[in-house]
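Chain A is the first sequence line, chain B the second, and so forth, proteins listed ahead of strands; every chain is numbered from 1. Just the heavy atoms: all of them, side chains too, but no hydrogens, waters or symmetry mates, feed the values below.
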Protein chains: 2
Amino acid sequence: PAKPRSRRQRWEVKPSEMSRNTLNPIRAIVDGMKLIPNPAKPMISLSIGDPTVFGNLPTDAAVLQAMKDAIDSQRFNGYAPSVGYLRSRQAVANFCSRPEAPLEAEDVILTSGCSQAIELSIGVLCNPGDNILVPRPGFSLYKTLAISMGIEVKLYDLLPEKSWEIDLQHLESLVDERTSCLIVTNPSNPCGSVFSREHLQNILTVASKLCVPILADEIYSDMVSSSGPSLASLSSEVPVLACGGLAKRWLVPGWRMGWILIHDRNRVFGSEIRQGLVRLSQRILGACTVVQGALESILNDTPPGFYSSTISCLQSNAEICFSELSAVPGLNPVMPSGAMYLMVGIEMDHFPEFQNDVDFTERLVTEQSVFCLPASAFEYPDFFRIVLTVPEELMLEACGRIREFCRAWYRPPSCDGNDLDQ
Amino acid sequence: PAKPRSRRQRWEVKPSEMSRNTLNPIRAIVDGMKLIPNPAKPMISLSIGDPTVFGNLPTDAAVLQAMKDAIDSQRFNGYAPSVGYLRSRQAVANFCSRPEAPLEAEDVILTSGCSQAIELSIGVLCNPGDNILVPRPGFSLYKTLAISMGIEVKLYDLLPEKSWEIDLQHLESLVDERTSCLIVTNPSNPCGSVFSREHLQNILTVASKLCVPILADEIYSDMVSSSGPSLASLSSEVPVLACGGLAKRWLVPGWRMGWILIHDRNRVFGSEIRQGLVRLSQRILGACTVVQGALESILNDTPPGFYSSTISCLQSNAEICFSELSAVPGLNPVMPSGAMYLMVGIEMDHFPEFQNDVDFTERLVTEQSVFCLPASAFEYPDFFRIVLTVPEELMLEACGRIREFCRAWYRPPSCDGNDLDQ
Ligand SMILES: Cc1ncc(COP(=O)(O)O)c(C=O)c1O
Ligand SMILES: Cc1ncc(COP(=O)(O)O)c(C=O)c1O
């Protein structure tokens, strides 16, 4: 070039805006807490949505065998197509297909965990400046991803008094021309709620009226006490990207096997969205080929008893936890019907010692060595979330300690005017 | 809200700009080619950088055993930290550490393949509107990722006549204030070149003068006939993110195990870039825990003979291919010294029947059932790339067919003025 361009004169390397805008609210909150357990009591951590940590819920032997067979075959060491092996996609299609919502291999894209399924789905549907509808309380990754992509997040309310159903009026009020995606988490993290067929139909009616496609996060699908329909099976009009994976139901979250199911019987997505997903999948090639190679056998050969025994463990813990904590002054547990969580409301008025849920759960660690995630991490203060994947005796022990803690700090209603209103 | 917001009145779902800007040049070129082999000759595909496709280069038994042990242990089913298990990071640090460039576990971030290592590295260093320096010819993923992130790509030349060394003057002329990263691929895909210590030092001198950090793509490191130093080991001043992984050297590209090594002895990156990488790693949690669990053993227990036998196979094929094609009129092969590729220049003047490298390689399929990637896919027309991971007899057979093809189409120099200039 004719004249020299300006150049840096000294080292100055700063992290990108995108990296600075990638915020993990759970980390932000937990890292700010002083989590020093009571040395007299062994720690019970009910904070992480990882069903493997206590060792009481191993995956099935058939799942492990499928992996070892895949390794021994030596057929799954090379690159797979970026959307996954055709045969593995076919296996997922067969497993997830329903008469009302049939799936072919080409409707399935394999990803690195459900997280990447969500990333690609938001990534294909939304432009910077668009907005997406996200449940409150809800799983924090949606916001983390959206904000880092320059997408606005609009939080719609779930109603604890209605088993965490969506406040559809509130949801509707948030929609505008730049709303490019409605995220529905069912069953829910952190609520453990499972929507009824009727409620799902109402959600679809709203989505259809507002012409907003749905990202259905169904990573906990079928982890329910009585199985209900999937969103996509109830509408052939509303286009749905359903995200799922092996993480929770097969109890192997570290294996990073997820998928996107493309439901588009009304041909709204058409070939363009499909091609967009394929293009995005080529960026980093997500899913490990060994797990892909094992997938068909994992889905077909895991005995039904494996799933049902996980569910009964979760349900029994939910019942224990709900009944124990219902009897605790100042706490309002909400009975779940799926996933692996239970949300507990804190009547903060009765715990004047504590400023908020973060304060409350921090002290619960200090005094009782029980750690529950403050629901501020899910944009829902004054609640905390309990993970139900623990062995029964620990569930009981934890509930007992929570009771002791609450009894110590609970203050009965005082007699001023405010309290009379409650 | 007081007045109703405007809303969509009908379905209209379009793929995002980012997804439309995620372009894979290899796919774009290959999908546009008519690849119909000659039915009389079995197809020999020398196009894909996947060393597993011919079955002659299986991974080592120790690698498979490490995986099966990891599965049997059942200790690697849960979530790992987003940057990987500490112990696995430590194993990579130990394996890659050199006295001049020591590494600790905290300098290592595990990723879903080297591709995600590159994605996170570009993602943390560059903002939209910045530009990055990318080799020509070069691996296409850099541009694919950069463009989709709104980052400009400036291609710097490699010089075939100097064993594909960087044209440092050209490189320097491209740098401006928005240049946020210099990508150096060594050993190179597609060139198979390995830079000398001196050339690496010259590159570092330029980077240091221009204050541009380096992304060193070293996925082919140590896949070389005589081993040379890594970039980071030659400078304690220039900050380097070195990207690597198991894909090529351990012959398991599908397993998606990659890493970033943070070399920052001058503390230019400081804690900010590290934290930025950690934040980005939390988006989708990349690497499969089974492979992570096996990593220490894979790195420590693979017998040295495994690596050397891969290298001698590659080198022997390189020699065969180079000597065979050197004798072919109109072709100019460039002898590689590493990685698993060999580039061949086409004297297009002597093949007037063909418009360009795409045309040439397409007809090579039609007539001889040999498929080589036209180097247009690497921004380098009039060359094609040969993959060297094939069994020797196929290498010979492919070279024979290429010779036959060239002999049929080669036109000797005509006697007009232009040719006298050559
Ligand atoms: C609602 C929900 N969606 C998605 C995920 C992520 O799943 P994966 O681990 O497969 O990425 C989780 C994990 O906790 C979750 O709770
Ligand atoms: C130079 C280069 N870098 C990175 C990669 C990607 O490696 P991985 O498969 O581990 O993502 C490749 C793959 O061919 C490559 O050639």
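With a 4.5 Å cut-off on non-hydrogen atoms, A:A294 does not touch chain B at all. Heavy atoms closer than 4.5 Å to chain A are found nowhere in B:L277, neither backbone nor side chain. For B:A207, the part sitting under 4.5 Å from any heavy atom of chain A is the backbone (N, CA, C, O) and nothing else. Proximity to chain A (any heavy atom under 4.5 Å) is restricted, for B:V291, to the side chain, taken from C-beta onward. Contact annotation for B:N266: only side-chain heavy atoms (C-beta onward) come within less than 4.5 Å of a heavy atom of chain A. Neither the backbone nor the side chain of B:V53 comes within contact range of chain A; no heavy atom of the residue lies under 4.5 Å from a heavy atom of that chain. Of the two parts of A:E17, the backbone and the side chain both hold a non-hydrogen atom closer than 4.5 Å to a non-hydrogen atom of chain B. Contacts between B:A287 and chain A at a heavy-atom distance below 4.5 Å involve the backbone alone (N, CA, C, O). Neither the backbone nor the side chain of B:Q292 comes within less than 4.5 Å of any heavy atom in chain A. If you measure heavy-atom distances from B:L285 to chain A, the contacts under 4.5 Å come from both the backbone and the side chain. If you measure heavy-atom distances from B:Y79 to chain A, the contacts under 4.5 Å come from both the backbone and the side chain.
Atom CG of residue A:L241 and atom CD1 of residue A:I214 lie 10.5 Å apart, to the nearest 0.5 angstrom. We find the OG1-NZ distance between A:T389 and A:K248 to be 9.0 Å, quoted to the nearest 0.5 Å. To the nearest 0.5 angstrom, B:I219 atom CD1 is 9.0 Å from B:C243 atom SG.
Checking B:S148 against A:R283 by side-chain atom types alone, a donor-acceptor pair falls below 3.5 Å.
Taking each heavy atom of A:A80 and A:Y85 in turn, the nearest pair found is CB-CE2, 3.6 Å. When all heavy atoms are compared, the tightest approach of A:F76 to B:W255 is O-NE1, 3.4 Å. Across every non-hydrogen atom of B:V387 and B:S47, the tightest pair is CG2-C, 4.0 Å.
Per-residue heavy-atom pair counts under 4.5 Å with chain A were compared for B:Q275, B:M67, B:Q116, B:R256, and the maximum is reached by B:R256. Taking chain B as the reference chain and counting heavy-atom pairs below 4.5 Å, the highest number among A:P51, A:P239, A:C181 is found for A:P239. For the options A:T289, A:L145, A:N77, heavy-atom pairs under 4.5 Å to chain B are most numerous at A:N77. For the set A:G78, A:G293, A:S180, A:S208, the entry with the most heavy-atom pairs within less than 4.5 Å of chain B is A:G78. If you tally non-hydrogen atom pairs under 4.5 Å between each of A:P253, A:S115, A:G113, A:P58 and chain B, the highest count goes to A:P253. Ranked by heavy-atom pairs under 4.5 Å with chain A, the first of B:T59, B:L23, B:V212 is B:V212. Annotation: maximal heavy-atom pairing with chain A below 4.5 Å, among B:R27, B:M149, B:E119, B:R75, occurs at B:E119. Across B:T179, B:T52, B:V124, the residue that shares the most heavy-atom pairs under 4.5 angstrom with chain A is B:V124. Of the listed residues (B:D72, B:L125, B:T144, B:L251), the one with the most heavy-atom contacts under 4.5 Å to chain A is B:D72.
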Quick one: do A:N24 and B:Q282 satisfy side chain to side chain donor-acceptor pair (under 3.5 Å)? Show the steps, please. CA-CA 8 Å; A:N24 180 331; B:Q282 295 178 353; 3.2 Å; yes
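The closest donor-acceptor contact from the side chain of B:K68 to the backbone of A:K68 lies at 3.5 Å or more, if one exists at all.
In summary, B:K14 and A:E272 engage in a salt bridge, as defined by a charged side-chain N under 4.0 Å from a carboxylate O. Salt bridge B:R7/A:E172: present, at least one basic N to carboxylate O contact under 4.0 Å. A salt bridge between B:R274 and B:D264 is absent, with no side-chain N of the basic residue lying under 4.0 Å from a carboxylate O of the acidic one.
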